[in-house]
Structures are given as structure tokens and as C-alpha cells.
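Here's the structure, in C-alpha cells; my notes come after.
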Amino acid sequence: MALRVVQWATGGVGVAAIRGVLEHPELELVGCWVHSEAKAGRDAGEIAGVDPVGVVATTSAEEILALDADAVIYTPLIADTDEVVALLRSGKNVVTPVGWLYPSQRSGAPLRDAALAGNATLHGTGIAPGGISEKFPLMLSAMSTGVTFVRAEEFSDLRTYEAPDVLRHVMGFGETPDKALTGPMQKMLDSGFIQAVRMCVDQLGFAADPKVRASQEIAVATAPIDSPMGAIEPGQVAGRKFHWEALVDDEPVVRVTVNWLMGEDNLDPPWSFGPEGQRYEMEVRGNPDFTVSVKGFQSDVGGEGPEYGVVGTAAHCVNSVPAVCAAEPGIATYLDLPLISGKAAPGKARTGS
């Protein structure tokens with residue numbers, strides 16, 4: 001029997017998740033929650049840009065809570081703890097890219113209690129954080145001994161990010177440096193990335209300071225730069241870097257960094273992605289040292305097709321559902337789940353799989 005899945009929210013990740021569920025041989029889409037009244041009553045397949053699937057979208061949380069479903073893929077822009085608590089108490093496993101990768105006992109307590117009450121499991125996943133930032137560096141570290149340092153870093157050109165309001169009002173692009181540095185972005189990112197760093201510290205066994213050091217840098221335009229939000233003028237923010245570091249004796253042992261640039265031209269400081277271009281990069285120092293670059297998740301500026309980092313985030317959620325449904329009730333991190341993989345495409349899969 002296929003696992004019955006609800007998609008909660010239909011932004012970029014949610015739309016990609018609907019398509020992923022429809023492609024997964026072990027999953028069946030049975031519900032869809034939407035924020036917008038304009039989407040309510042529409043077929044979920046239509047919302048996702050595919051053929052109708054017979055699942056009607058609703059704005060009613062009560063309808064979703066009452067639905068017979070095994071799991072919810074929860075992908076709003078910002079997590080609402082009360083919503084997730086209600087979903088877990090209703091007996092539905094929750095997989096999400098917006099929180100709870102590696103929560104502390106204190107911060108995770110309400111979710112853990114709700115999961116145990118509903119005999120359900122919560123799993124935080126994603127791409128960065130949620131994969132590149134901790135899961136994959138830890139997996140790669142198995143090929144080295146005497147590890148002294150682990151780094152995960154994103155290099156992305158945000159001229160492909162077609163969300164102008166988010167770019168300006170949340171991420172601080174096009175603002176003055178002071179406004180960007182005091183804006184909400186650092187705090188919004190801290191929770192997930194600090195959890196990613198702490199997972200690496202704990203699993204690798206570093207004697208790191210309890211507090212993770214968070215810092216940020218900005219670059220401004222020196223000439224007008226075209227962007228999804230219009231021209232970024234000289235003196236306005238056109239590049240951002242965020243860093244999270246765990247320290248042993250004031251030396252970093254785990255570092256996660258995000259590099260978000262509006263291209264590589266006309267920036268002060270003159271930041272660039274380097275010769276490898278856009279990518280995710282993971283480094284392990286030990287015996288031996290090595291670096292791994294992952295390309296393909298960032299779209300080319302002016303190129304066609306979706307932002308594949310969004311698709312990858314959704315796929316990681318979708319492919320996690322069977323393992324999460326089989327896990328013990330509570331909060332399950334990557335350290336609690338078995339190896340998760342994708343599934344063969346229709347026409348390429350074994351008969352009966």
C-alpha cells in the first residue's frame with residue numbers, strides 16, 4: 001500500500017514536492033493545503049503544472065487534520081510551531097525543510113511531546129541547511145581519520161531568484177549596508193545553520209565551545225546591477241556572506257558559509273565565485289584532506305528551467321517520507337534514519353517495485 005501524503009503549502013518547494021510525490025512509487029498524494037484563497041478549490045496537479053490528480057486544495061487546516069494520511073510535507077516560507085504540533089498530534093508524520101534539523105532538548109520539547117502523543121515522527125531536512133551543510137559533510141568525513149576541520153559552503157548568484165520582495169525586504173538586497181546588517185536575515189538563518197554546525201560538532205566529537213559564532217559581511221554595488229528587483233544602485237547591498245563557526249581554542253573546527261552575490265561584477269569588496277563558479281563545496285581536513293564540489297543545483301542567469309536547488313530541496317523531503325514513517329515516534333534527525341535514496345523513474349524501475 002502506498003503511503004498517503006499531504007502537501008502543505010505550494011510555493012516553489014511545495015510545487016516541486018507535489019511533482020516528486022507523483023513520481024515516487026511508494027507515495028500517493030491525498031491532500032493539499034494552500035495559503036491563498038485563489039488556489040483553494042483547484043486541483044493540486046493543476047497548481048503544480050501537471051495533469052489533474054483528483055486532489056482538491058484547501059485553506060482549511062481542520063480538513064487536513066481530519067484527513068486519513070500518513071505524512072505531511074510541510075513547506076511554508078516560515079514555520080509555525082503550532083501548526084506542526086497539531087499535525088503531529090493528529091497522527092501524521094511531518095517532513096519539513098523549514099526547521100528542526102537537530103533541535104536541542106529544550107527547543108524540541110513541544111514537538112517531541114506532540115509527536116509522542118500522536119505516535120508520529122518529525123524530520124527536518126532540505127539542502128542548505130538540511131543536506132550540504134551537515135549530512136553530506138559527515139558522510140564524506142568517513143573517508144578521513146584524525147579530522148581537524150570541516151567546511152560546507154554555498155556560492156550562489158541570486159540574479160536567478162525571482163522573488164523581488166523577499167530579496168529586498170527579507171534578504172536586504174538593494175538596501176543600505178546598515179539596514180541590511182540589522183535586518184531579519186541573520187536571525188532567520190541562524191536557527192537552521194547553528195543546528196547544522198552543532199550536528200557536525202557532536203557527531204565528529206570536537207570539544208568545541210557551546211556557542212556557535214555567527215557573523216555576516218556585505219558588498220555594495222559600484223555601478224548599477226540588473227537584478228530580479230530592478231537595478232541595484234551604487235552604494236546599495238549587492239552581495240552578502242553569512243558564516244557560522246564552531247571553535248576549539250578560538251580556532252574554527254566546523255564552518256558553514258553562504259555566499260550570495262548579484263553577479264561578480266561591480267562589487268566592493270570585489271567578491272567572486274572563483275573559477276569553479278556557482279556550486280556547493282564541502283571540505284574535510286584530516287588524513288587525507290579533500291574537497292568536493294557539487295554543481296547543478298544553481299541555475300545559470302538567463303537560463304531556462306526551474307531553480308534546481310528548490311527541486312533538490314523538495315526531492316530530499318519526498319524521498320525521506322518512507323523512512324520517516326517507519327521511524328520511532330519523536331524527532332528523527334539524519335543520525336536516526338537509514339540511508340535515503342531516490343527511486344527509479346517510471347519505465348526504468350523493476351516490475352512490481
Side-chain angles (χ1 to χ4, degrees), residues 97-109 111-112 123-156 181-182 185-219 239-260 269 271-274 276 279-294 316 330-337 339:
V98 293
W100 305 291
L101 293 167
Y102 191 62
S104 66
Q105 287 292 325
R106 180 178 178 182
S107 66
L111 286 304
R112 189 175 293 106
H123 176 60
T125 182
I127 189 167
I132 298 292
S133 306
E134 64 299 294
K135 179 180 183 179
F136 301 123
L138 286 173
M139 292 172 64
L140 291 168
S141 73
M143 292 183 285
S144 185
T145 58
V147 176
T148 61
F149 177 75
V150 171
R151 173 178 60 89
E153 193 158 358
E154 175 185 351
F155 300 84
S156 294
L181 289 170
T182 58
M185 199 72 248
Q186 179 80 60
K187 185 175 181 180
M188 290 179 67
L189 295 174
D190 276 352
S191 175
F193 282 105
I194 287 174
Q195 288 180 48
V197 169
R198 285 180 173 153
M199 180 185 284
C200 290
V201 166
D202 289 352
Q203 188 67 7
L204 290 164
F206 286 121
D209 296 336
K211 184 174 177 60
V212 174
R213 182 171 67 187
S215 59
Q216 57 177 311
E217 304 173 74
I218 58 97
R240 304 206 66 175
K241 293 188 181 188
F242 297 89
H243 311 275
W244 296 270
E245 296 175 306
L247 308 175
V248 173
D249 298 327
D250 293 326
E251 290 292 326
V253 291
V254 177
R255 178 189 296 132
V256 178
T257 292
V258 172
N259 300 272
W260 287 335
W271 293 343
S272 75
F273 300 131
E276 291 193 60
R279 65 198 183 280
Y280 288 102
E281 189 170 277
M282 294 161 284
E283 176 187 8
V284 176
R285 296 181 196 164
N287 182 27
D289 300 339
F290 59 89
T291 302
V292 175
S293 290
V294 178
H316 209 179
I331 297 176
T333 74
Y334 294 129
L335 307 180
D336 304 307
L337 297 178
L339 176 68

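The CD atom of Gln203 lies 4.5 Å from the CG atom of Leu335; values are rounded to the nearest 0.5 Å. In this structure, Phe290 CZ and Met143 CE are separated by 4.5 Å, a value rounded to the nearest 0.5 Å. Between the CD atom in Glu154 and the CG atom in Asn259 there is a gap of 8.0 Å [rounded to 0.5 Å]. Taking CZ of Arg279 as the reference point, atom CD1 of Ile132 lies at 12.5 Å (rounded to 0.5 Å).
Applying the side-chain hydrogen bond (donor to acceptor under 3.5 Å, both in side chains) rule to Glu217 yields the partners His243; only residues at least two apart in sequence or on another chain are considered. Remark: Thr182 engages no residue in a side-chain contact (heavy atoms from CB on, under 4.5 Å) (not counting sequence neighbours). A search for side-chain contact (heavy atoms from CB on, under 4.5 Å) contacts involving Pro137 returns Val150, Ala152, Met282, not counting sequence neighbours. The ring-ring contact (aromatic ring centres under 6.0 Å, His included) check on Trp244 picks up Phe193, with sequence neighbours excluded. Looking at residues two or more places apart in sequence or on another chain, you find a ring-ring contact (aromatic ring centres under 6.0 Å, His included) between Trp260 and Phe242. Partners of Asn287 under the side-chain hydrogen bond (donor to acceptor under 3.5 Å, both in side chains) rule, at least two apart in sequence or in another chain, do not exist in this structure. Residues passing the side-chain hydrogen bond (donor to acceptor under 3.5 Å, both in side chains) test with Gln105: none are found, sequence neighbours excluded.
Not one N or O on the side chain of Gln216 forms a donor-acceptor pair closer than 3.5 Å with the backbone of Arg240. With Gln195 contributing its side chain and Tyr102 its backbone, the two residues share a donor-acceptor pair below 3.5 Å.
Pairing each heavy atom of Gly126 with each of Tyr334, the nearest pair is N-OH, 3.7 Å. For the residue pair Ala214 and Asp190, the shortest heavy atom distance occurs at CB-OD1, 3.8 Å. The minimum heavy-atom distance linking Leu337 with Ala332 is given by the pair CD2-CB, 3.9 Å. Here the closest non-hydrogen pair linking Trp100 and Leu111 is NE1-CD2, 3.5 Å. Across every non-hydrogen atom of Leu101 and Thr333, the tightest pair is O-CG2, 3.3 Å.
You'll find the side chain of Asp289 stays beyond 4.5 Å of the side chain of Phe149, heavy atoms only. Contact of the Val292 side chain with the Leu140 side chain is registered, since non-hydrogen atoms from C-beta on lie closer than 4.5 Å. Inter-residue side-chain proximity for Pro103 and Ile331 is flagged as met; some heavy-atom pair is nearer than 4.5 Å.
Under the salt bridge (Lys or Arg N to Asp or Glu O under 4.0 Å) criterion, the residue pairs touching residues 197-216 are Arg213-Glu245, with sequence neighbours excluded. Residue pairs satisfying the salt bridge (Lys or Arg N to Asp or Glu O under 4.0 Å) criterion with at least one member in residues 130-148, sequence neighbours excluded, are absent. Applying the side-chain hydrogen bond (donor to acceptor under 3.5 Å, both in side chains) definition to pairs two or more places apart or across chains, those involving residues 139-151 are Arg151-Glu153, Arg151-Glu281, Arg151-Glu283.
Taking the six-membered ring where the residue is Trp, Phe136 and His316 present parallel rings, their angle staying beneath 30° rather than reaching 60°. Ring-plane geometry between Phe155 and Phe273 is classed as perpendicular, the angle between the planes exceeding 60 degrees on a 0 to 90 degree scale with a lower cut at 30.
Counting non-hydrogen atoms of other residues, nucleotides and ligands closer than 6.0 Å to CE of Met139 gives a total of 12 or fewer.
When only modelled atom types and interatomic distance are considered, Ser133 and Tyr280 share no side-chain donor-acceptor pair under 3.5 Å.
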